[in-house]
Amino acid sequence: MSRVNDFLTETGIFFLATVDGDQPKLRPLGAHLEIDGKVIFGVGDFKDVYKQMEANPKVEIVACKPDGHWLRYTGKAVFDHNDVYAKKMIEASHLEEIYNEKTGNKLMTFHLEDAKAVDIPMMGEGEDLL
């Protein structure tokens with residue numbers, strides 16, 4: 001997992017793909033943490049992305065480094081329902097203005113299971129990171 005986390009840290013921004021019915025949806029994210037041997041991500045419970053992942057947990061995360069290497073991290077999103085993870089994610093990502101008691105917004109953390117992660121160079125074979 002550390003190799004996946006390090007890749008995402010190096011790229012800064014990565015993209016999460018979900019589906020809404022039969023329409024693919026893609027959005028940029030940046031927040032992630034490595035905790036308990038998992039890479040943890042977060043989305044707001046009030047956002048469409050959360051509803052999409054609840055309906056169909058199959059997702060893909062893609063990130064690209066300046067040297068042309070890119071990561072394809074695919075799996076089933078499993079929501080952790082762990083307030084400790086959410087609190088650490090909020091603090092580390094400075095999201096306190098969005099997720100707090102006043103707004104009522106809740107950060108839902110998740111990790112990928114049954115996952116594959118491949119570091120793919122611009123040309124050549126990819127390397128399995130898991």
Side-chain angles (χ1 to χ4, degrees):
M1 268 315 134
S2 291
R3 294 174 71 191
V4 172
N5 188 67
D6 292 348
F7 198 110
L8 294 171
T9 298
E10 187 174 335
T11 63
I13 301 296
F14 49 92
F15 295 87
L16 171 67
T18 62
V19 292
D20 187 8
D22 66 348
Q23 179 65 47
K25 297 289 183 170
L26 191 65
R27 80 269 304 141
L29 297 176
H32 64 94
L33 294 172
E34 185 177 2
I35 303 172
D36 297 333
K38 301 181 271 191
V39 178
I40 304 294
F41 305 94
V43 295
D45 66 345
F46 60 97
K47 294 187 174 189
D48 288 341
V49 63
Y50 175 69
K51 296 171 190 141
Q52 292 159 9
M53 292 168 68
E54 285 280 285
N56 182 350
K58 293 180 181 178
V59 300
E60 185 164 275
I61 292 171
V62 172
C64 188
K65 293 181 182 179
D67 69 1
H69 277 252
W70 59 286
L71 171 71
R72 181 181 301 243
Y73 185 33
T74 305
K76 177 183 174 187
V78 175
F79 285 96
D80 297 298
H81 304 288
N82 185 326
D83 290 337
V84 172
Y85 290 175
K87 184 177 179 180
K88 286 183 179 186
M89 176 82 61
I90 290 166
E91 290 171 356
S93 303
H94 308 290
L95 298 171
E96 295 89 354
E97 289 184 25
I98 299 169
Y99 302 102
N100 59 58
E101 288 184 25
K102 184 178 177 183
T103 65
N105 297 331
K106 186 171 181 180
L107 184 70
M108 305 301 293
T109 61
F110 68 94
H111 67 277
L112 300 189
E113 289 187 359
D114 303 322
K116 294 181 182 178
V118 182
D119 176 348
I120 304 167
M122 192 177 301
M123 300 293 292
E125 296 288 320
E127 177 187 355
D128 192 0
L129 298 181
L130 298 178

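Everything numeric here is computed off the predicted structure, so don't read it as measured data.
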Would you name the heavy atoms of [X] and [Y] that are closest together and state the gap between them?
X: Ala17; Y: Leu26; result: CB-CD1, 3.7 Å
X: Phe110; Y: Gly42; result: CE2-N, 4.0 Å
X: Pro121; Y: Gly126; result: CD-CA, 4.0 Å
X: Ala115; Y: Tyr73; result: CB-CE1, 3.6 Å
X: Met1; Y: Gly37; result: CG-O, 3.1 Å
X: Val59; Y: Met53; result: CG1-CG, 4.0 Å

Spacing of [atom1] belonging to [X] relative to [atom2] belonging to [Y], to within rounding of 0.5 Å:
X: Ile61; Y: Leu8; atom1: CD1; atom2: CG; result: 6.5 Å
X: Glu60; Y: Thr74; atom1: CD; atom2: OG1; result: 3.5 Å
X: Lys106; Y: Asp45; atom1: NZ; atom2: CG; result: 7.5 Å
X: Thr109; Y: Lys88; atom1: OG1; atom2: NZ; result: 11.5 Å
X: His32; Y: Met89; atom1: NE2; atom2: CE; result: 8.5 Å

Is any side-chain heavy atom of [X] less than 4.5 Å from a side-chain heavy atom of [Y]?
X: Val43; Y: Leu107; value: no
X: Ile120; Y: His69; value: no
X: Arg27; Y: Lys25; value: yes

Intermediate values then yes/no, side-chain contact (heavy atoms from CB on, under 4.5 Å), Glu34 and Ile40: CA-CA 6 Å; Glu34 185 177 2; Ile40 304 294; over 6 Å; no
Applying the 4.5 Å side-chain criterion to the ILVMFWY set and letting contacts propagate, would [X] and [Y] be lumped into a single cluster?
X: Val84; Y: Leu33; result: no
X: Leu71; Y: Val39; result: yes
X: Ile35; Y: Met108; result: no

Plane angle bin for Phe79 and Tyr50 - parallel if under 30°, tilted between 30 and 60°, otherwise perpendicular: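 Correct class here is perpendicular.
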Result of checking Phe15, Phe14, Trp70 against Cys64 for side chain to side chain contact (heavy atoms under 4.5 Å, CB included):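 The option that passes is Trp70.
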Measure from the side-chain N and O atoms of [X] to the backbone N and O of [Y], and report whether any donor-acceptor pair falls under 3.5 Å.
X: Asp80; Y: Asn82; value: no
X: Asn105; Y: Ile98; value: yes
X: Ser93; Y: Ile90; value: no
X: Asp36; Y: Lys38; value: no
X: Asp114; Y: Gly75; value: no
X: Asn100; Y: Thr103; value: yes

Phe41 ring center near Tyr85 ring center (under 6.0 Å):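 They do not qualify: ring centres at least 6.0 Å apart.
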Intermediate values then yes/no, side-chain contact (heavy atoms from CB on, under 4.5 Å), Val49 and Leu16: CA-CA 9 Å; Val49 63; Leu16 171 67; 3.8 Å; yes
Criterion salt bridge (Lys or Arg N to Asp or Glu O under 4.0 Å) on Lys87 and Glu96, from CA distance to verdict: CA-CA 9 Å; Lys87 184 177 179 180; Glu96 295 89 354; over 6 Å; no
Axial cation check for Phe7 ring with Lys65, 6.0 Å and 45° limits: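 Verdict for Phe7: a cation-pi partner in Lys65.
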Check ion pair Arg3-Glu127 (N to O, under 4.0 angstrom):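 Glu127 and Arg3: salt-bridged.
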His111 and Glu113: side chain donor to acceptor below 3.5 Å: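 Yes - a donor-acceptor pair under 3.5 Å links their side chains.
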